[in-house]
Amino acid sequence: MSNSYRDEITVHVPLDLDNTLNCGQTFRWNKINGEWHGVVNRQPLVLSMNTESKTIRIRSTSPEFRQQELAEGVKEYLGLNDSLGSIKASGINALKRGYAHFVKQFDEIFVPDTGIRLLRQDPWEMVVEYLLSTQMNITTIKKRIESLCELFKENKVSMDYNDYYLFPTRDQLAGIKEEDYRKLSFGYRSKWLKQLVEEMDINQLYQLKNQKLEKKLRFLTAFPGIGFKVANCVALFGFEDFRAFPVDVWISRFMEEFFSKSGNSEKLMVEGQRIFGDYCGYIQEYIFYYIRNRV
DNA sequence: GCCCAGGGGTAGT
DNA sequence: ACTACCCATGGG
């Protein structure tokens, strides 16, 4: 049982922890007694925000965080340096080149005060989690992922009387059989994950960071179980490639309803890029939030 | 029981 | 290129 190191940040830009950590871009954060509990950079991390003083309280097991001071690391992870205003302006600019009539609606969808920010997450974790996410609702995905993490008792880390499980490494998963995945109710995804763990070169995966989106997608979609939607999620949430545009059932409905566009996730990705421009991925997250929460 | 879920693979047009 | 169908399983 170890005690935590603590720090604080005062934020001067829009940020909503609830919307950011509960909007479908991440699966391993849980809110307990008003605090968000997660694991980042292989350390437990607890965040809570005082919305009046605009202060984030931080707890973690180390004063260091991705070779940075804890507070700086959290700022980086939460994407607090992203300018929501510039991203919105970029989207409006793109819309004016062909869908100017949608600008007013867009203004209601991309509301910076919603405070959603794209997290800087680990690519390997994203690959595994979004491969498992196929055709499951978010509640179920979170349960399945947690059960996978809890297979590895050696990954349990304690902090301030709470337990956290680090996400399993590729080498750890190499010892898991397809039937073990089926026992975790992974269903038909079991053989995909088994094959992914056997065949994916982790170094090649991490090298995608500096590659173009098209190259990322080509590499990722070569694996069974990773199609265009999952690959775009990895590019967006694991590599901060803001030109990625994941198309799930919700985004697909949105494209049909507001732009009369239909087709598979690859075709709609291209449409999304054309309509919303270079930050279409960031914008996609606001669309996802909007379309799922409207009355 | 029913429909749905941050889809993907495959076979048949 | 497009469509139809199947895949496992649990949430609501």
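All values reported here derive from a predicted model rather than from experimental measurement. Letters go in sequence order (proteins before strands), and every chain restarts at 1.
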Check whether A:Val74 and A:Leu166 end up in the same hydrophobic cluster, where Ile, Leu, Val, Met, Phe, Trp and Tyr are linked by side-chain heavy atoms less than 4.5 Å apart.
-> no
Looking only at atom P, what distance separates C:dG10 and B:dG9, rounded to whole Å?
-> 23 Å
Taking only heavy atoms on the protein side, list every residue of residues 213-224 of chain A lying under 4.0 Å from any atom of DNA chain B, sorted numerically.
-> A:Phe223, A:Pro224
For A:Glu266, which contact category applies under a 4.0 Å heavy-atom criterion: base, sugar-phosphate, or nothing?
-> nothing
Considering Watson-Crick and G-U wobble pairs with both distances under 3.5 Å, what does C:dG10 pair with?
-> B:dC4
Ion pair A:Asp18/A:Lys31, N-O distance below 4.0 Å | yes
Spacing between A:Arg292 atom CZ and B:dC4 atom C1', to the nearest angstrom = 12 Å
May I ask you to say what A:Gly225 touches in the nucleic acid, namely base, sugar-phosphate or nothing, with a heavy-atom cut-off under 4.0 Å?
-> sugar-phosphate
Rounded to whole Å, CG of A:Asn264 lies from C1' of B:dG7 at a distance of 11 Å
Measure from the ring center of A:Phe110 to the ring center of A:Tyr282 and say whether it is less than 6.0 Å.
-> no
In terms of the angle between their ring planes, are A:Phe254 and A:Phe258 parallel, tilted or perpendicular, with boundaries placed at 30° and 60°?
-> tilted
Measure the acute angle between the ring planes of A:Trp250 and A:Phe288, then classify it against the limits of 30° and 60° as parallel, tilted or perpendicular.
-> perpendicular
Identify the two heavy atoms, one from A:Pro224 and one from A:Leu131, that lie closest to each other, and give their separation to 0.1 Å.
-> O-CD1, 4.0 Å
note: A:Leu268, atom CG; C:dC2, atom P; distance rounded to Å ~ 10 Å
Centroid-centroid under 6.0 Å between A:Phe276 and A:Tyr99 rings = no
With no hydrogens and no angle check, do the side chains of A:Asp122 and A:Tyr206 hold a donor and an acceptor under 3.5 Å apart?
-> yes
Going by atom types only, do A:Tyr77 and A:Gln68 share a side-chain donor-acceptor pair under 3.5 Å?
-> no
For nucleotides B:dA11 and C:dA8, find the distance between their P atoms and express it as a whole number of Å.
-> 15 Å
Do nucleotides 7-12 of chain C as a string where each nucleotide becomes B, S or -: B if the base has a protein heavy atom under 4.0 Å, S if just the sugar-phosphate does, - if no protein is that close.
-> BBSBS-
Using the P atom as the reference point in each nucleotide, state the distance between B:dG7 and C:dG12 in Å, no decimals.
-> 16 Å
